[in-house]
Amino acid sequence: MTDLSVLPGAARASAIELYARKTTGYEFRVEAAIQWLKRAAEQHAGHVVLANSLGAEDMVLTDLIARHQIPIAIGTLDTGALHAETLALIPKIEQRYGLQVEVYRPREEAVVQFVRKNGEKAMYQSLELRKGCCQVRKLEPLSRMLQGRSAWVTGLRREQSNNRGGMLAREQDDQGRAKFNPLIEWTWGDVWHYVAVNHVPYNPLHDRDYPSIGCWPCTRPVAAGEDDRAGRWAGKVKKECGLHVVEVKDGEGI
């Protein structure tokens, strides 16, 4: 079958058209996600946040939280190097759902010092410098998002990459906080079927072959057959920024 999206002058298929698939067990997985969110809110009342990367999975979780009026805060990281399309989702969330988004940014002086010392293209030079850039732009702001909180929620799915294949619906991070991954069993088709059915706003870069979207210098579209994370730090060994690379101390599956 000819892929019309690659023909000259042809209209590109949207992410919904390409990926949305309802498969057996979809309703069960949606209900399981709702129950995990409710459990997180009940067990950590007033002390739990969704770490919203503004990707498709986290927009689904935001919709579930708003739709079912689950008291979980919404937080995101503005690294200072995000695509304009990504940042545009923040006011869309607030307008669509009436939820305030907590925005955490890197400390300006830390970014200035890092760039002054290592240059504007440090992330391309070595693994250590890529880790250093993520530390300044992501991990330190994340630590402020999680300060005073006993739990957080993510949109991680086992299907996303080999690195995430062993993750559970409930884990414990390296600081002892509960970490809930309500979509852990969801497929990529589940995510986009939910987006389509519920008219969830999403990043238009997903329509341009970006399944996983990070900072613009470190993200590219993926080719057919590549996993979702292939476009992150393309050509590099490092495929995780450090937000989710922690030792699992305890947990339970769905």
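If you read the sequence from its start, that first residue is 1, and numbering goes on from there.
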Can you name the closest pair of heavy atoms from [X] and [Y] and give their distance?
| X | Y | result |
| --- | --- | --- |
| Ala66 | Tyr97 | CB-CD2, 3.5 Å |
| Leu156 | Met167 | CD1-SD, 3.3 Å |
| Tyr124 | Pro217 | OH-O, 2.8 Å |
| Ala40 | Val48 | O-CG1, 4.1 Å |
| Gly75 | Met145 | C-CE, 3.5 Å |
| Pro141 | Tyr104 | O-CB, 3.9 Å |

Quiz item: How would you list all residue pairs meeting side-chain hydrogen bond (donor to acceptor under 3.5 Å, both in side chains) that involve residues 40-56, not counting sequence neighbours?
Solution: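 Listed by first then second residue: His44-Ser150, Asn52-Thr62, Ser53-Asp58.
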If you round to the nearest 0.5 Å, how far is [atom2] of [Y] from [atom1] of [X]?
| X | Y | atom1 | atom2 | value |
| --- | --- | --- | --- | --- |
| Lys131 | Lys138 | NZ | NZ | 14.5 Å |
| Arg96 | Leu89 | CZ | CG | 11.5 Å |
| Leu129 | Asn118 | CG | CG | 5.0 Å |
| Glu57 | Asn181 | CD | CG | 11.5 Å |
| Cys133 | Lys121 | SG | NZ | 14.0 Å |
| Arg29 | Ile184 | CZ | CD1 | 13.0 Å |

Any chance the side chains of [X] and [Y] put a donor and an acceptor closer than 3.5 Å?
| X | Y | result |
| --- | --- | --- |
| Trp152 | Asp173 | yes |
| Asn203 | Tyr210 | no |
| Asp207 | Ser14 | no |

Indicate if [X] and [Y] have the same hydrophobic cluster label, given that clusters are the connected sets of ILVMFWY residues with side-chain heavy-atom separations under 4.5 angstrom.
| X | Y | value |
| --- | --- | --- |
| Met123 | Trp216 | no |
| Leu61 | Val103 | yes |
| Trp36 | Ile34 | yes |
| Leu99 | Val195 | yes |
| Ile74 | Leu87 | yes |

Quiz prompt | Of Ile93, Leu50, Ile90, the residue whose pairing with Thr76 passes side chain to side chain contact (heavy atoms under 4.5 Å, CB included) | solution =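 Going through Ile93, Leu50, Ile90 one by one, the side chain to side chain contact (heavy atoms under 4.5 Å, CB included) with Thr76 is satisfied by Ile90 alone.
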Quiz item: For Arg137, which of Leu82, Asp78, Thr79 qualifies under side chain to side chain contact (heavy atoms under 4.5 Å, CB included)?
Solution: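 Among Leu82, Asp78, Thr79, the one meeting side chain to side chain contact (heavy atoms under 4.5 Å, CB included) with Arg137 is Thr79.
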So, do [X] and [Y] sit near enough that their side-chain heavy atoms are less than 4.5 Å apart?
| X | Y | result |
| --- | --- | --- |
| Val49 | Ile72 | no |
| Trp186 | Arg158 | no |
| His193 | Tyr26 | yes |

Using a 3.5 Å distance criterion without hydrogens, assess whether the side chain of [X] forms a donor-acceptor pair with backbone atoms of [Y].
| X | Y | result |
| --- | --- | --- |
| Glu94 | Val101 | yes |
| Asp63 | Val60 | no |
| Thr219 | Cys215 | yes |
| Arg177 | Gln172 | no |
| Arg39 | Phe180 | no |
| Asn198 | Tyr194 | yes |

Practice problem: I would like to know whether Arg144 and Arg107 meet side chain to side chain contact (heavy atoms under 4.5 Å, CB included); could you show each step before the answer? | Solution: CA-CA 11 Å; Arg144 282 185 274 124; Arg107 300 194 186 280; 3.1 Å; yes
Practice problem: In sequence, state the C-alpha distance, the side-chain angles, and the governing distance for His83 and Thr86, and then conclude on side chain to side chain contact (heavy atoms under 4.5 Å, CB included). | Solution: CA-CA 5 Å; His83 299 81; Thr86 303; 3.8 Å; yes
Does [X] have more than 12 heavy atoms from other residues, nucleotides or ligands lying within 6.0 Å of its [atom1]?
| X | atom1 | value |
| --- | --- | --- |
| Glu109 | CD | yes |
| Glu31 | CD | yes |
| Gln100 | CD | no |

Test: [X] and [Y] ion pair at under 4.0 Å:
| X | Y | value |
| --- | --- | --- |
| Glu85 | Arg208 | yes |
| Arg157 | Glu159 | yes |
| Glu102 | Arg149 | yes |

Self-check item: Residue pair Leu54, Ile213: steps toward the side chain to side chain contact (heavy atoms under 4.5 Å, CB included) verdict
Solution: CA-CA 8 Å; Leu54 304 173; Ile213 304 168; over 6 Å; no
Practice problem: Please work out which of the three classes, parallel, tilted or perpendicular, describes the rings of Trp188 and Tyr19, given edges at 30° and 60°. | Solution: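 Tilted: the ring planes of Tyr19 and Trp188 meet at 30° to 60°.
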Quiz prompt | Worked check of side chain to side chain contact (heavy atoms under 4.5 Å, CB included) between Glu171 and Lys179 | solution = CA-CA 5 Å; Glu171 301 177 323; Lys179 182 178 176 184; 4.1 Å; yes
Self-check item: Derivation and outcome, salt bridge (Lys or Arg N to Asp or Glu O under 4.0 Å), residues Lys22 and Glu27
Solution: CA-CA 9 Å; Lys22 182 179 180 181; Glu27 287 86 358; 2.6 Å; yes
